[in-house]
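Bear in mind that the values here come from a model prediction, so they are computed numbers and not experimental data. Numbers here simply count residues along the sequence, with the first being 1. All ligand and atom numbering here is 1-based and tracks the order in the structure. The analysis underlying the following values was restricted to heavy atoms, covering all of them including side chains, and did not include hydrogens, waters or symmetry mates.
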Amino acid sequence: MTHREHKSVVIVGGGQAGLSVSYYLCQQGLDHVILERHAKFHSWRNNRWDTFCLVTPNWQCRLPDFPYKGRDPHGFMVKDEITDYLDAFAETFNPPIVEYCEVTKITPRPGGGYLVDSSQGNFTADQVVIATGGYDNPIVPPYAQNLDPSIQQMHSVDYRRPEQLPEGGTLIVGTGQSGVQLMEDMHLKGRKVHLAVGPAPRSPRVYRGRDATDWLYEMGHYHMTIAEHPNPEHAISKTNHYMTGRDGGHEIDLRKFARDGVSLYGSVSGMHGSKVEFLPDLGTNLDDADDSYVGIRNAIDAYIDKHDITAPSEPPFEKVWQPAQEITKVDCDREGITSILWAIGFRPDYHWIDVDVFDAKGRPLYDRGVCQADGFYFIGLGWLNTWGSGRFLGIDEDAQYLTNHILAKTNSTLKAAS
Ligand SMILES: Cc1cc2nc3c(=O)[nH]c(=O)nc-3n(C[C@H](O)[C@H](O)[C@H](O)COP(=O)(O)OP(=O)(O)OC[C@H]3O[C@@H](n4cnc5c(N)ncnc54)[C@H](O)[C@@H]3O)c2cc1C
């Protein structure tokens, strides 16, 4: 039998989620290790484009006992500032991390606990925390392989700057946070952009004198738990509201970009040779995004009225552009489209976890990250508990909650043994 090192807790993943749990375990003096496939904070350092900046304001960066203390709490850190902030957090407690160590298998250990196999040796653990983020596999639909190979394809995870793509037009597919920001990045650098607009909602940025996220925080929106949410399935599956933190932050109204020369289409439905097919849903998707935008404005207005707050007024929202018709087919050759940039998201990859903690669709089952399998946990996923669970805002609270569970289990095991 191969030698296995024993740890009370193994944390898989060295991003902000894994290190936040480690911070509290270090405080409690509980032996543990973080196993990280790359170097710590790999996603922030290596999977973002050159002009990347936070969409959430800096004040929402609240890692354990390490809130953002810079000069611009209402600004949006750029990539290097984010990694400096994360590195400075890690320096506060010297986490026990093994880098370049991929966990390849986790199975229940007969008699209790878990067997953890990794590229740098094997472990036994009383408890395991999965903190691997939700962004393992970039999504590209199967029909993408029908596209003429002369048209270059790239996923948003590989995009750094427009110069990576050939001269000519680029079709960006998807209008979540990444899609709209890559559209703006290419458009500002003078590239011809075609954009397939999906069903993502959008948000105001500054409204009635304050950032919409400030209002929403004050209104209690970010304190709502998934258990309290009126439509939890919808909340979990919904794409994020789009806006940007670029150049101090602003809202993204795709109609304005259409007016400025970006070509808009509906959702992509197929590809054959040099032809791309679209659903006739551009008008609906733009209207729905505007409805969510206006809905947030209305909610803020109602809050201001209810609490008699003095705030500047705003002109009513106006649609500055309408599609003349729904375009359902485009010939890339004819339109001069030489590349496709996929920005339709990611899927997590849990194939290496052989523990009974998933539903029929392979989604992890838990209550605030605590699984039915004894001593098995997830952290860092969207709406694990609140909106902020998959972001900087909520990770501290979730890490404290899991640490309390981990300690309670450790103490009850010790008590039973004595
Ligand atoms: C484009 C983009 C923009 C975002 N913008 C914001 C924002 O503005 N504000 C905000 O608050 N949040 C934002 N987020 C969301 C979130 O804060 C980040 O995704 C953050 O990186 C999540 O941290 P994490 O620790 O949960 O996961 P990650 O940072 O992804 O860390 C998980 C780690 O697990 C490792 N790993 C995976 N599998 C294994 C394995 N089998 N063995 C060992 N290690 C493994 C990975 O290498 C990785 O380093 C954004 C996300 C994306 C993708």
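- In this structure, the side chains of Leu341 and Gln153 stay at 4.5 Å or more apart for every pair of heavy atoms.
- Scanning all protein heavy atoms for the shortest distance to atom 48 (C) of ligand 1 gives Glu36 OE1, 3.4 Å.
- Looking only at distances, a side-chain donor or acceptor of Arg62 sits under 3.5 Å from a matching main-chain atom of Trp59.
- The aromatic rings of Trp44 and Phe392 sit parallel to each other, their planes meeting at less than 30°, with 60° as the upper class boundary.
- By heavy-atom distance, the residue among Gln181, Glu102, Gln16, His42 lying nearest atom 20 (C) of ligand 1 is Gln16.
- Nearest non-hydrogen protein atom to atom 27 (O) of ligand 1 is Gly133 CA, 3.5 Å.
- Using a 4.0 Å heavy-atom cutoff, Gln177 is absent from the residues neighbouring ligand 1.
- The existence of a salt bridge linking Arg255 and Asp290 is confirmed by a sub-4.0 Å separation between a basic side-chain nitrogen and an acidic carboxylate oxygen.
- Trp321 and Asp253 share no donor-acceptor pair across their side chains, judged by distance under 3.5 Å alone.
- The proximity of Ser178 to ligand 1, defined as any non-hydrogen pair under 4.0 Å, is limited to the side chain.
- When only non-hydrogen protein atoms are considered, atom 13 (C) of ligand 1 lies nearest to Trp44 CH2, 3.6 Å.
- Atom numbering of ligand 1 starts at 1 in the shown order; those under 4.0 Å from a heavy atom of Leu54 are 7 (C), 8 (O), 9 (N).
- The protein atom (non-hydrogen) at minimum distance from atom 34 (O) of ligand 1 is Gly13 CA, 3.3 Å.
- Heavy atoms of Phe41 stay at 4.0 angstrom or farther from ligand 1.
- Counting heavy atoms closer than 4.0 Å to ligand 1, residue Ser118 contributes nothing at all.
- Which parts of ligand 1 touch Leu35 is read off a 4.0 Å heavy-atom cut-off, strictly below it: atoms 43 (C), 44 (N).
- With a 4.0 Å heavy-atom cut-off, ligand 1 is reached by the side chain of Trp352 but not by its N, CA, C or O.
- Using 4.0 Å as the threshold, Gly134 has no heavy atom nearer than that to any atom of ligand 1.
- Between the side chain of Asp136 and the main chain of Asp349, a donor-acceptor pair closer than 3.5 Å is present.
- Lys189 has a carboxylate O that lies under 4.0 Å from a charged side-chain N of Asp185, or vice versa, which qualifies the two as a salt bridge.
- Under 3.5 Å, the side chains of Tyr293 and Glu251 contain a donor-acceptor pair of N or O atoms.
- Closest to atom 3 (C) of ligand 1 by heavy atom, among Phe378, Phe52, Tyr350, is Phe52.
- Residue Ala17 has at least one nitrogen or oxygen atom sitting less than 3.5 Å from a nitrogen or oxygen atom of ligand 1, judged on distance alone.
- A centroid separation of 6.0 Å or more is found between the aromatic rings of Phe66 and Tyr23.
- Electrostatic pairing of Arg210 and Glu218 counts as a salt bridge here, judged by a charged N lying under 4.0 Å from a carboxylate O.
- The nearest heavy-atom contact from the protein to atom 39 (C) of ligand 1 is Thr132 CG2, 3.7 Å.
- Nearest to atom 51 (C) of ligand 1 by heavy atom, out of Arg37, Arg391, Arg48, is Arg48.
- In terms of protein heavy-atom proximity, atom 53 (C) of ligand 1 is closest to Tyr135 CE2, 3.5 Å.
- Ligand 1 places these atoms under 4.0 Å from at least one heavy atom of Gly380: 26 (O).
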* To do: Decide yes or no on side chain to side chain donor-acceptor pair (under 3.5 Å) for Tyr207 and Glu314, but give the supporting numbers first.
  => CA-CA 7 Å; Tyr207 183 64; Glu314 298 264 355; over 6 Å; no
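- When side chains are defined from C-beta on, Pro199 does not count as touching Lys238, because their heavy atoms never get closer than 4.5 Å.
- Between atom 11 (O) of ligand 1 and the options Tyr100, Phe392, Trp49, the minimum heavy-atom separation is to Phe392.
- With sequence neighbours excluded, the residues satisfying side chain to side chain contact (heavy atoms under 4.5 Å, CB included) with Lys409 are Gln127, Asp374, Tyr377, Thr413.
- With a 4.0 Å heavy-atom cut-off, ligand 1 is reached by the side chain of Val12 but not by its N, CA, C or O.
- At least one cation-pi condition fails for Arg160 and Trp49: the charged atom is not both under 6.0 angstrom from the six-membered ring centre and inside a 45 degree cone around its axis.
- The proximity of Ala131 to ligand 1, defined as any non-hydrogen pair under 4.0 Å, is limited to the backbone.
- Lys7 has a carboxylate O that lies under 4.0 Å from a charged side-chain N of Glu5, or vice versa, which qualifies the two as a salt bridge.
- Among protein heavy atoms, atom 42 (N) of ligand 1 sits closest to Val103 N, 2.9 Å.
- If you number the atoms of ligand 1 from 1 as listed, the ones under 4.0 Å from a heavy atom of Ser43 come out as 28 (P), 29 (O), 30 (O), 31 (O).
- Among protein heavy atoms, the minimum distance from atom 15 (C) of ligand 1 is reached at Gly390 O, 3.4 Å.
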